[in-house]
Amino acid sequence: MTKLMTSTEIPQLHPNLGDHTKRVIIERFDLDGIDTFEDYVIKEQRVKFFLNGVKFLSVMCIAKYQDAHIVGFLLSEAVIKSLYDVKSLKVSEDGLSVYVDADISQEGYDNLFKEKTLTSGCCIGVTGNAEELFKCSFVSTDYTLSADEALKTMRDFSKPSELFDNTGCVHKARLVLEDGSFFEAEDIGRHNAIDKVVGLATLSKKNIERSVLYASGRLSMEMVVKCVMHKIPIVISKAAVTFQGIKAANEHGITLVGFARGNKMNLYTHSARIGV
């Protein structure tokens, strides 16, 4: 039976993991018998989002880059249009509450409280604006990427992080800008990871309309929605895509790439942006 251990019982051998993991004693079974040993498990936490003094959402996530997370989420849901709409941004001392004062789109905000779409997220995601995707304009750009560069970046991106090595329980996203610089984040939810990298780029006042998003998880419709909302023209994953993801990407000008592994990848939509 799994037993939680206190910090006085186990020394922190990996101090960088201390804020986001717990050490536990587990029993592992194989055909040779049962062994008891210590292991890491991820520590998801409930982070509360406040907008203009009102709590509008609680998110189960890794409590890291919380300021970027809320900015990326509000942009993804069309509640704000840019960083210039944000008047103030503050994270509580315990890291579990984030406060934003901003000029908002009332329509986008109201959509958060209408009938929700339960997404195919790895940790159940909910979006209020999935149905609003089809009001978005076509993502049109001359930005291109070579296949060699895409696969090279994916190979580097796919290297396990220390957090994944120790828990096996996080998704990762990397947003690579035209100049080669990038923002990267991990979370238990693939949606959260994308919101975080978009938020990090936005807080750094970077233009992401000529960028590539690399993702560790499957590319379903709601993942494509985020790219459309942010006008990110190319999204690449080492995992699969869904039919609705392909349909949304095709209709809205997103280059969708899946199963990017080793020296191969599948191009599903708008493949002209990927050069040989």
Side-chain angles (χ1 to χ4, degrees), residues 62 64-65 68 72 76 120-122 139 141-201 204 206-228 230-246 248-250 252-276:
I62 295 175
K64 184 177 182 181
Y65 300 140
S76 294
S120 56
C122 48
V139 177
T141 178
D142 61 359
Y143 185 62
T144 60
L145 178 71
S146 74
D148 284 347
E149 183 62 28
L151 290 169
K152 178 183 176 182
T153 301
M154 178 55 77
R155 286 193 291 271
D156 180 67
F157 170 74
S158 296
K159 294 176 182 176
S161 67
E162 186 179 25
L163 189 59
F164 184 87
D165 262 344
N166 282 274
T167 68
C169 193
V170 290
H171 279 290
K172 183 165 60 171
R174 179 186 292 186
L175 187 65
V176 181
L177 307 183
E178 188 173 22
D179 63 4
S181 61
F182 64 87
F183 298 90
E184 189 168 287
E186 294 175 296
D187 202 274
I188 55 173
R190 56 200 171 99
H191 307 79
N192 296 340
I194 290 178
D195 284 339
K196 286 180 177 182
V197 292
V198 168
L200 287 169
S204 298
K206 299 293 186 179
N207 183 348
I208 64 175
E209 294 184 11
R210 296 175 69 84
S211 66
V212 183
L213 177 68
Y214 292 85
S216 63
R218 66 190 177 277
L219 298 175
S220 48
M221 186 191 73
E222 67 274 13
M223 305 293 279
V224 175
V225 168
K226 291 182 182 294
C227 295
V228 174
H230 304 306
K231 295 183 171 60
I232 299 170
I234 303 172
V235 57
I236 304 174
S237 177
K238 64 180 182 181
V241 307
T242 69
F243 176 74
Q244 291 299 330
I246 293 172
N250 187 56
H252 294 276
I254 300 296
T255 298
L256 194 66
V257 181
F259 291 113
R261 303 172 183 178
N263 294 317
K264 296 180 180 180
M265 57 185 173
N266 293 350
L267 310 180
Y268 295 94
T269 59
H270 301 283
S271 59
R273 292 197 185 106
I274 305 295
V276 177

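Note that the numbering runs from 1 along the sequence shown for the chain.
- Remark: side-chain polar atoms of R190 are not paired, donor with acceptor, to backbone N or O of A215 under 3.5 angstrom.
- Although no hydrogens or angles enter the test, the distance criterion places a donor-acceptor pair under 3.5 Å between the side chain of T167 and the main chain of L163.
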Checklist entry - Can N250 and Y268 be said to form a side chain to side chain contact (heavy atoms under 4.5 Å, CB included), step by step? => result CA-CA 8 Å; N250 187 56; Y268 295 94; over 6 Å; no
Next on the checklist: What verdict does the side chain to side chain contact (heavy atoms under 4.5 Å, CB included) test give for M154 and Y214, after you've listed the backbone C-alpha separation in whole Å, the side-chain angles of each residue and the deciding distance to 0.1 Å?
Outcome noted: CA-CA 7 Å; M154 178 55 77; Y214 292 85; 3.7 Å; yes
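- Note that CG of N166 is 8.5 Å distant from OG of S161, once rounded to the nearest 0.5 Å.
- In terms of modelled atom types and a separation under 3.5 Å, the side chain of S204 and the main chain of K206 share no donor-acceptor contact.
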Next on the checklist: Go through it in stages, so that I can follow the logic: the residues are R273 and T141, the test is side chain to side chain contact (heavy atoms under 4.5 Å, CB included), and I'd like the CA-CA distance, side-chain angles, deciding distance and then a yes or no.
Outcome noted: CA-CA 9 Å; R273 292 197 185 106; T141 178; 3.6 Å; yes
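- Distance check: T153 OG1 to L145 CG gives 7.0 Å after rounding to the nearest 0.5 Å.
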Item to check | D187/K196 under side chain to side chain contact (heavy atoms under 4.5 Å, CB included): CA gap, chis, key distance, verdict | outcome: CA-CA 9 Å; D187 202 274; K196 286 180 177 182; 2.6 Å; yes
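- With hydrogens and angles ignored, the 3.5 Å screen pairs no side-chain donor or acceptor of H171 with any backbone N or O of E186.
- To the nearest 0.5 Å, the span separating CD on E222 from OG1 on T242 amounts to 7.5 Å.
- To the nearest 0.5 Å, atom CD1 of residue I274 and atom CD1 of residue I234 are 4.5 Å apart.
- The minimum heavy-atom distance linking K172 with K159 is given by the pair NZ-O, 3.1 Å.
- Within the cation-pi definition used here (under 6.0 Å to the ring centroid, within 45° of the axis), R174 qualifies as a partner of F182.
- Scanning all heavy atoms of the two residues, the minimum distance from G217 to S237 falls at O-OG, 2.6 Å.
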Checklist entry - Could you go step by step and tell me if D148 and S146 meet the side chain to side chain donor-acceptor pair (under 3.5 Å) rule? => result CA-CA 5 Å; D148 284 347; S146 74; 5.7 Å; no
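- Counting heavy atoms from C-beta on, the side chains of Y65 and V197 never come closer than 4.5 Å.
- Side chain of S211 to main chain of L175: no donor-acceptor pair is present (N/O by atom type, distance under 3.5 Å, no hydrogens or angles).
- Considering V257, V235, L219 as possible partners of V241, the one that fulfils the side-chain contact (heavy atoms from CB on, under 4.5 Å) test is L219.
- Taking each heavy atom of V228 and H252 in turn, the nearest pair found is CG2-CB, 3.8 Å.
- The OG atom of S216 sits 8.5 Å away from atom CD1 of I194, with the distance rounded to the nearest 0.5 Å.
- Screening L151, L267, V212 for a side-chain contact (heavy atoms from CB on, under 4.5 Å) involving I236 leaves a single residue, V212.
- For R261 (side chain) and K238 (main-chain N/O), a donor-acceptor pair under 3.5 Å exists by modelled atom type.
- The local environment of OH in Y143 is crowded, with over 12 non-hydrogen atoms from other residues, nucleotides or ligands closer than 6.0 Å.
- Across every non-hydrogen atom of L213 and C227, the tightest pair is CD2-SG, 3.7 Å.
- Counting heavy atoms from C-beta on, the side chains of S76 and V198 never come closer than 4.5 Å.
- Without hydrogens or angle criteria, T255 side chain to H270 main chain gives a donor-acceptor distance under 3.5 Å.
- For the atom pair L256 CG and M223 CE, the distance stands at 10.5 Å (nearest 0.5 Å).
- Within 6.0 Å of CG in N263 there are 12 or fewer heavy atoms belonging to other residues, nucleotides or ligands.
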